[in-house]
Amino acid sequence: MRLLQGGAMSVLLFGLLAGQPVRATAQSGCQVTPANLGGAADVCRKAGDLFRFLVPQVGVAVSGGNPVPGEGGTMGGFGHRALSVRVIGVDAYLPKNAVPLNLSGPAVASNFGAVRTVLPLPAVDAAIGLTSGIPFGLTNIGGVDLLVGATVLPSVSGGEVEVKPKGSAGVAVSYGVRVGALQESALFPGVSVSYMTRKLPTVDFGYATSNDTLRVAGTSVKSNAIRVVASKRLALLGFAAGVGRDEIESRAGITAVVNEPVLGVAQRATVSLPLLAEKVTRNTAFVNLSLSLLVTRLVAEYGWSSAGATRSTLNSFDGRRANEGYRFGSIGLTTRF
């Protein structure tokens, strides 16, 4: 069997990006049935290394940068709201090489390769003012906003690949809170601290060739993001910049059906790893530029998610490591009402 099959794997790996990594300890639950056909060491190590390479990239897309594009301060009290629609993209690297899976002997090091691509993720976010805070000269301090949002993942089917969100909606709800250090005014910038939990819709993923299948079930990705953001508007232009820290968690399970000749006779084995789990932390920084367009603003974002703690892998990706640093950006519209 080969895990990656040419061009179709661009779609396959988009599906795998929606589901992620494996702890080294989780691989102890990897099993092959029937047991007399060999061992699961190579299959499970390759699955684990692949997930370790992909999870930070998906996590960057889920986390994003500014929780409300173009906004740094709080909304200014009850009844003030902002709504944003955007597409977040990560400058990602996906494996590209055909990699053999073995049911005999120990795990073998292979090169998955790495091809540069953009990983997009649509999102809708809203900020709802709760309190305006305490007056302090020409500004306010301590204002509070409720942050809510949704990440959208449609069903995808092409060739041998199917990505299907659990349930019919394919939507995951995000939530958080933002507290103002300064409310933006003519003299002061807006400055705030926020905490937000973002999720990718839980998905099932399936891939099949003429004689092999791979299923990633109940895949979930969650990001807990802290942000400190400052912003200032000058006439039609607005500027914002921020820093933060992301804690990215993912869980999934895999089942692979491998057809491999044994002593010249075709044999079928099922390899299962019921629990894949990974948690990584990363620092991030970003800038926003916005342009006022009557009742809305066009907002562009550019950011950098720094490398996290090194994740060791037996298999390689053209010299790129698991948990590398990644650039990201977004484009969208924000309106206050």
Side-chain angles (χ1 to χ4, degrees), residues 13-26 47-48 50-68 84 86-90 92 119-127 146-155 163-167 169-178 193-205 216-227 242 244-254 273-284 286 303 305-309 311 322-326 328 330:
L13 288 167
F14 175 80
L16 284 175
L17 279 170
Q20 304 318 55
V22 91
R23 294 185 198 275
T25 55
L50 181 62
F51 289 149
R52 285 185 174 193
F53 182 69
L54 295 175
V55 63
Q57 303 182 58
V58 179
V60 171
V62 174
S63 298
N66 198 340
V68 183
S84 303
R86 58 178 162 173
V87 176
I88 302 168
V90 178
L119 171 65
L121 192 66
V124 178
D125 296 288
L146 173 66
L147 303 178
V148 294
T151 303
V152 182
L153 185 68
S155 295
V163 179
K164 185 177 181 180
K166 277 187 165 299
V171 176
V173 176
S174 305
Y175 51 89
V177 64
R178 180 169 62 174
V193 179
S194 66
Y195 180 87
M196 194 163 191
T197 296
R198 295 183 179 275
K199 297 180 180 180
L200 191 77
T202 302
V203 299
D204 289 340
F205 163 76
V216 182
T219 302
S220 65
V221 180
K222 181 176 76 171
S223 168
N224 297 314
I226 298 173
R227 298 288 185 263
R245 187 166 179 84
D246 302 326
E247 181 182 78
I248 301 165
E249 302 178 44
S250 180
R251 299 171 67 88
I254 66 165
L273 212 178
L275 175 61
L276 309 175
E278 179 76 341
K279 180 186 290 187
V280 297
T281 55
R282 304 169 65 88
N283 297 322
T284 191
F286 52 87
S305 179
S306 66
R311 316 297 288 176
N323 215 15
E324 288 255 14
Y326 290 97
F328 66 91
S330 70

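Taking the side chain as every heavy atom from C-beta outward, R227 and T284 approach each other to under 4.5 Å. Using a 4.5 Å cut-off on side-chain heavy atoms (C-beta onward), V62 and L121 make contact. In this structure, E247 and I226 have side chains that are not in contact, with every pair of non-hydrogen atoms separated by 4.5 Å or more.
A distance-only check finds a donor-acceptor pair linking the side chain of R282 to the backbone of E324 [under 3.5 Å]. Checking side-chain atoms of R251 against main-chain N and O of A277 turns up no donor-acceptor pair under 3.5 Å. When atom types are taken as modelled, the side chain of S250 and the backbone of S220 share a donor-acceptor pair closer than 3.5 angstrom. Distance alone, capped at 3.5 Å, places no donor-acceptor pair between the S63 side chain and the S223 backbone.
The two residues Q57 and L119 have their closest heavy-atom pair at O-CD2, 3.9 Å. In terms of heavy-atom proximity, G176 sits nearest to L146 at O-CD1, 3.6 Å. Taking all atoms of both residues into account, the shortest heavy-atom contact from I248 to P56 is CD1-O, 4.4 Å. A pairwise comparison of heavy atoms in K279 and R311 identifies O-NH2, 4.3 Å as the closest pair. Pairing each heavy atom of N323 with each of A309, the nearest pair is ND2-O, 2.8 Å.
With rounding to the nearest 0.5 angstrom, the CG atom of N224 is 6.0 Å from the CD atom of E249.
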Evaluation steps, side-chain contact (heavy atoms from CB on, under 4.5 Å), between I88 and T151: CA-CA 10 Å; I88 302 168; T151 303; over 6 Å; no
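A salt bridge links D125 and R198; the closest N-O separation between the charged side-chain nitrogens and carboxylate oxygens is under 4.0 Å.
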